[in-house]
Number of protein chains: 2
Amino acid sequence: MSATPLFRRIDVAPAYQKVADAIEREIVNGRIKPGEPIGTEQQLVAQFGVNRSTVREGIRVLEEGGLICRDSSRRLQACLPRYNKLATRLSRALILHEVTFRELFETSMTLEVASVEGAVERATDENIADLAGNLERSAAVVGNPADLAELDAEFHVLMAKASQNRVLQLAREPAAQLFFPTTEMIVGGVPEGGARLVEAHRHILDAITRRDKEAGVLWTRRHLQDWRRGFEKIASLDRSVEHTYMEHAYAARQ
Amino acid sequence: MSATPLFRRIDVAPAYQKVADAIEREIVNGRIKPGEPIGTEQQLVAQFGVNRSTVREGIRVLEEGGLICRDSSRRLQACLPRYNKLATRLSRALILHEVTFRELFETSMTLEVASVEGAVERATDENIADLAGNLERSAAVVGNPADLAELDAEFHVLMAKASQNRVLQLAREPAAQLFFPTTEMIVGGVPEGGARLVEAHRHILDAITRRDKEAGVLWTRRHLQDWRRGFEKIASLDRSVEHTYMEHAYAARQ
DNA sequence: CTTATCGGTTTGTCCGACAAAGCTAGATTT
DNA sequence: AAATCTAGCTTTGTCGGACAAACCGATAAG
């Protein structure tokens, strides 16, 4: 696979990249822990011996990557990258690749089933309480598609949290960000759609509480199949996500 | 969920962020297509009416996000974000969150099974030829853990490609980047490990070719269970990924 | 037809500067 | 004395200008 080269690969990375890499190393290696300050721009200028503009370009890179962030007073500090923020980038990439709803549906089915299985096995009392709270709020807005869609997305996030599996939480996030925004137009377009959604959530939560994996999986599948049927009424599964958004939600929002 | 506010949210984002957002909008909306030039920094300075340093900070943000890249002569252009690059960020985030191998294993099992199911259903002749080529090369280096680990990772990427599901490809990538680097130490640590790995790949490819979903899933599960058993010989599943890396691969490399 | 050379562009980096916002600590008020 | 206010210092965000190195295109030389 690899021949040993005569010369080491010459390093021609621009200075701002080296600045970013140097800071990244310190964070990933744990020498700077999340929450600890990176130092002021002036200090970084002194330490790296480059201009402040160069330092700032390096900072932008790390900031976008989620490795550093700013505290209340805009000072730099290391931070734990938020899945959510990073997932947004991935979702955007998916849109640009013109993925279809069929791909999205298939993968979401896999991940949500895995999610409910984990939740049935390992949900804590607190997880269950959170889900119950969400269910209660959902029942109160069953006639309002916009609010219900938001709570539906939250329900599934809580379910993934209840699985106690952070890798799973991460893996499902990009798909969820594309998947669940469509809930609004589907719930709004199908009579009794809201009621069915809340009913499904109720059964799922019940299954999690009773540690009944079979029921949990069954109702999760039904829940997603409902979504799929609703979707097929308004668009083709084989069209790109972006295209369908353009014609529905997006047009209405702007 | 939302009251209609009297005033529109006042916009206080820094200029470099606005520059980045403006360019991002053009790309995501499709007005600038992947491969098309963004323009020189000087042109952006003129269009946005801000300083070049500000423009450059905005460019760094987009570059890191994978939305723009540079052609051979360092000129800016829109590009299709590569899953791989973005997945690297997510993998890094997972390390910082100190995820355990148990989480990684559980999720990988889910995703690889989904992957093989998709491949059995939809693999093209070209996909199968690629997998066969990989298998052949693997068989040739069965005694070399480093090369074999690399080919194993490639095999699973090819399998995900064969599923024809880009969302799935994306979802499995971050986990794969953490999961498969361990293959080297596992294959190296277990006698006959290399042979078992190649054998499993052979059965999986055979199942894909025969469109036998049951066999494909069975051998994929066995393949991953092998990995898990090998892993348990050298570390605990409940330790963090980062911690284990530190003691094995990482120490050897530097 | 290939090679060499030469401006013109563009990027990467640097310097110096300034307004706005936050923080600090001393001064002022109650 | 405690709370409050204010003035100064620090830090960030932005700006203008500058220059070397790399790159492009075109022209000149072999």
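Model, not experiment: these values are computed from the prediction. In what follows, every chain begins at residue 1, and chains take the letters A, B, ... in the order their sequences are listed.
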Could you list the residues that satisfy salt bridge (Lys or Arg N to Asp or Glu O under 4.0 Å) with B:E24, not counting sequence neighbours?
->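 Residues passing salt bridge (Lys or Arg N to Asp or Glu O under 4.0 Å) with B:E24: A:R89, A:R92.
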Any luck finding a side-chain donor-acceptor pair between A:E112 and A:S115 under 3.5 Å?
->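 Distance-only check fails for A:E112 and A:S115.
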With a 3.5 Å distance limit and no angle check, can you tell me whether [X] reaches the backbone of [Y] through a side-chain donor-acceptor pair?
| X | Y | result |
| --- | --- | --- |
| A:D152 | A:A149 | no |
| A:S163 | A:M159 | no |
| B:Q43 | B:T40 | yes |

Terminal contacting nucleotides, 5' and 3', DNA chain C versus chain B (heavy atom, 4.0 Å) =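 The contacted stretch runs from C:dT10 to C:dT13.
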Which residues satisfy the side chain to side chain donor-acceptor pair (under 3.5 Å) test with [X], sequence neighbours excluded?
| X | result |
| --- | --- |
| B:R74 | none |
| A:R56 | A:E41, B:E57 |
| B:E63 | B:R60, B:R70 |
| B:R82 | none |

Tell me every residue that passes ring pair (Phe, Tyr, Trp, His ring centres under 6.0 Å) with [X], counting only those two or more places apart in sequence or in another chain.
| X | value |
| --- | --- |
| B:Y83 | A:H97 |
| B:Y16 | none |
| B:F105 | none |

5' to 3' contact window, DNA chain D with chain A (heavy-atom distance under 4.0 Å) =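 First-to-last contact on DNA chain D, by the 4.0 Å heavy-atom rule, is D:dT11 to D:dT14.
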List the steps and the verdict of side chain to side chain donor-acceptor pair (under 3.5 Å) for B:W227 and B:T182.
-> CA-CA 9 Å; B:W227 179 90; B:T182 62; 2.9 Å; yes
Counting only non-hydrogen atoms, which of residues 36-48 of chain B are less than 4.0 Å from DNA chain D?
->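 Within this stretch, nothing sits under 4.0 Å of the strand.
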What parts of residues 55-63 of chain A reach DNA chain D, counting only heavy atoms under 4.0 Å away?
->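 A:R56, A:R60 - these, ordered by number, are the residues of the stretch whose heavy atoms sit under 4.0 Å from the strand.
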Assign A:R75 to base, sugar-phosphate, or nothing according to its heavy-atom contacts below 4.0 angstrom with the strands shown.
->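 A:R75: backbone/sugar contact only, no base atoms under 4.0 Å.
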Between A:S53 and A:L76, which is nearer to the 5' end of DNA chain D once each is assigned its nearest nucleotide?
->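 Residue closer to the 5' terminus by nearest nucleotide: A:L76.
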